[in-house]
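Since this is a predicted model, take the numbers as computed values, not measurements. The sequence lines fix the lettering, A, B, ..., with proteins before strands; numbering per chain opens at 1.
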Protein chains: 2
Amino acid sequence: MFSTSCHYALQAMIYIALRSGKDKNVDLASIAEELDIPKHFLSKILQLLVKNKLLLSMKGPTGGFKLSMPASRINLIKVVEVIDGLDVFNRCGIGFKQCDDSSPCPIHFEFSQVRQQVEEIFETKTLEQLTTDIEDGNSLVSLGLSTKIKK
Amino acid sequence: MFSTSCHYALQAMIYIALRSGKDKNVDLASIAEELDIPKHFLSKILQLLVKNKLLLSMKGPTGGFKLSMPASRINLIKVVEVIDGLDVFNRCGIGFKQCDDSSPCPIHFEFSQVRQQVEEIFETKTLEQLTTDIEDGNSLVSLGLSTKIKK
DNA sequence: TAATGGCATGAAGTAGAAAACATGTCTTTT
DNA sequence: AAAAGACATGTTTTCTACTTCATGCCATTA
Ligand code: FES
Ligand code: FES
């Protein structure tokens, strides 16, 4: 459904939300290692997120990344928008060039409906909700990673 | 969501269901032209479908492709299975390597639910239903193509 | 102010999907 | 039996997403 870059971006944002704080940055190497993402590739993706004002970056020792605004104000769709663009939520299920009610493919009406549900999930879920879920042990950030995270 | 090959395969199957008959084959060139798919590329995809018993092919003049069984017995998921494989319906929405209830990513429970709805659409919809929809003018086979098709 | 640890940037390399090409083989028609 | 029209097969090329490499730049710290 999304590109690898987008997957990486989403995972990284969640991870940063979890591990950074007002005065605490998370550095690239840690994110890359913990999420098992190629470091230099992730670097480019995070730079995009910085450029689009979802992240702040600091150079130098103690530098790294942190959220540019409260986790409660960042939903997943903002991340998708920056990396893959929003038209992923408007693509035909069987590859028609156009997808709208006026030129429907044979599965258009059913498909566009569930596609909208996905969009709503990404619209509704904020980084804050996700980190809460993770801290409560209801979900994971990455496979190898312990769910027990000290606040 | 699916690969281009898979899109092409789905479109072609629908088109063949619509235009072929017990004694009527549809030839590659027509399909490729009408659906605007690169001819040689489509050829390979149809060969895969032949190999997997969803299509029959005939050589020589009057040759071409037709369904290997009644349109009512072919659902879309069979086509997806041959081209992309069934695990597209089991992939994590944010790119986790594994997706199951025991190691859920932060959106797993919501996401896997709508993903299953998509699977059900592809499971339920048969080529017969789709061609009926098209013949009734409720949907289209391809953008440039008239919906009025003589039975 | 020099050293160090971090991000920023651009170029280069890889792999796999997508597309194009060339040739072979079969079947109908004449 | 020959010609022509179609699918079958294998190779090559192109494109793009993904990954890596090399270097520059900036801020903290000693
Ligand atoms: S046209 Fe196919 S899903 Fe809308
Ligand atoms: S683990 Fe992410 S959707 Fe199931």
Side-chain angles (χ1 to χ4, degrees), chain A residues 1-12 15-16 19-20 23-33 35-68 80 82-85 88 95 97, chain B residues 1-13 15-16 19-20 23-68 80 82-85 88 95 97:
Chain A
M1 176 140 202
F2 304 110
S3 70
T4 329
S5 299
C6 194
H7 286 157
Y8 290 165
L10 289 164
Q11 292 180 29
Y15 185 83
I16 292 170
R19 292 295 179 88
S20 76
D23 285 324
K24 176 144 183 286
N25 297 315
V26 193
D27 69 292
L28 179 66
S30 310
I31 311 173
E33 189 186 359
L35 299 179
D36 194 26
I37 299 175
K39 186 170 143 188
H40 295 89
F41 188 30
L42 179 59
S43 169
K44 300 246 156 101
I45 296 169
L46 296 189
Q47 282 161 38
L48 252 182
L49 293 170
V50 170
K51 239 179 227 147
N52 285 272
K53 320 268 190 215
L54 293 184
L55 286 179
L56 293 179
S57 66
M58 299 298 207
K59 292 184 178 178
T62 78
F65 298 88
K66 66 179 164 195
L67 301 184
S68 68
V80 174
V82 168
I83 306 297
D84 278 358
V88 293
K97 319 218 193 291
Chain B
M1 175 141 201
F2 304 111
S3 69
T4 335
S5 299
C6 194
H7 286 157
Y8 290 166
L10 289 164
Q11 291 180 29
M13 285 298 283
Y15 184 83
I16 292 170
R19 292 295 180 87
S20 75
D23 286 324
K24 176 144 183 284
N25 297 315
V26 193
D27 69 292
L28 179 66
S30 311
I31 311 173
E33 189 185 359
E34 200 113 49
L35 299 178
D36 193 26
I37 299 175
K39 187 171 142 188
H40 295 91
F41 189 29
L42 179 59
S43 169
K44 298 246 157 97
I45 296 170
L46 295 188
Q47 282 162 38
L48 251 182
L49 293 169
V50 170
K51 239 179 227 146
N52 285 273
K53 319 268 191 217
L54 294 185
L55 286 180
L56 293 179
S57 65
M58 300 298 206
K59 291 183 178 180
T62 78
F65 299 88
K66 66 180 163 194
L67 301 182
S68 68
V80 174
V82 167
I83 307 295
D84 277 358
V88 293
K97 320 220 191 292

Test side chain to side chain contact (heavy atoms under 4.5 Å, CB included) applied to B:Ser3 - qualifying residues, sequence neighbours left out: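 Checked B:Ser3 against side chain to side chain contact (heavy atoms under 4.5 Å, CB included); matches are B:Ser5, B:Cys6, B:Ile83, B:Asp84.
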Those residues that, when tested against B:Pro61, pass side chain to side chain contact (heavy atoms under 4.5 Å, CB included) (two or more places apart):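 Scan of B:Pro61 (side chain to side chain contact (heavy atoms under 4.5 Å, CB included), adjacent residues dropped) gives none.
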Return a table of donor-acceptor pairs under 3.5 angstrom between the side chains of residues 43-58 of chain A and protein atoms on other chains or two or more places apart.
residue: A:Ser43; atom: OG; partner: A:Gln47; partner atom: NE2; Å: 2.8
residue: A:Gln47; atom: NE2; partner: A:Ser43; partner atom: O; Å: 3.4
residue: A:Asn52; atom: ND2; partner: A:Leu48; partner atom: O; Å: 2.9

Side-chain heavy atoms of B:Ile37 within contact of B:Ile31, under 4.5 Å: no
A:Val88 side chain reached by A:Phe2 side chain, heavy atoms, under 4.5 Å: yes
Is there any protein nitrogen or oxygen under 3.5 Å from a nitrogen or oxygen in nucleotides 4-9 of chain C, and what are the pairs?
residue: C:dG5; atom: N2; partner: A:Gly60; partner atom: N; Å: 3.3
residue: C:dC7; atom: OP1; partner: A:Leu28; partner atom: N; Å: 2.8
residue: C:dC7; atom: O3'; partner: A:Ser57; partner atom: OG; Å: 3.3
residue: C:dA8; atom: OP1; partner: A:Ser57; partner atom: OG; Å: 2.7

Atom-to-atom span, CZ of A:Phe41 to C1' of C:dG10 - whole angstrom: 16 Å
Separation of atom CD1 in B:Ile45 from atom P in C:dA20, rounded to whole Å: 12 Å
Opening and closing nucleotides of DNA chain D in contact with chain A, under 4.0 Å to non-hydrogen atoms: D:dC18 to D:dT29
A:Lys66 side chain to A:Lys24 backbone, donor-acceptor under 3.5 Å: no
Qualifying residues under side-chain hydrogen bond (donor to acceptor under 3.5 Å, both in side chains), relative to B:Asn25, sequence neighbours excluded: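 Once residues adjacent in sequence are excluded, B:Asn25 has no partner under the side-chain hydrogen bond (donor to acceptor under 3.5 Å, both in side chains) criterion.
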Atom pair CD/CD of B:Glu34 and B:Gln11 - distance to nearest 0.5 Å: 12.0 Å
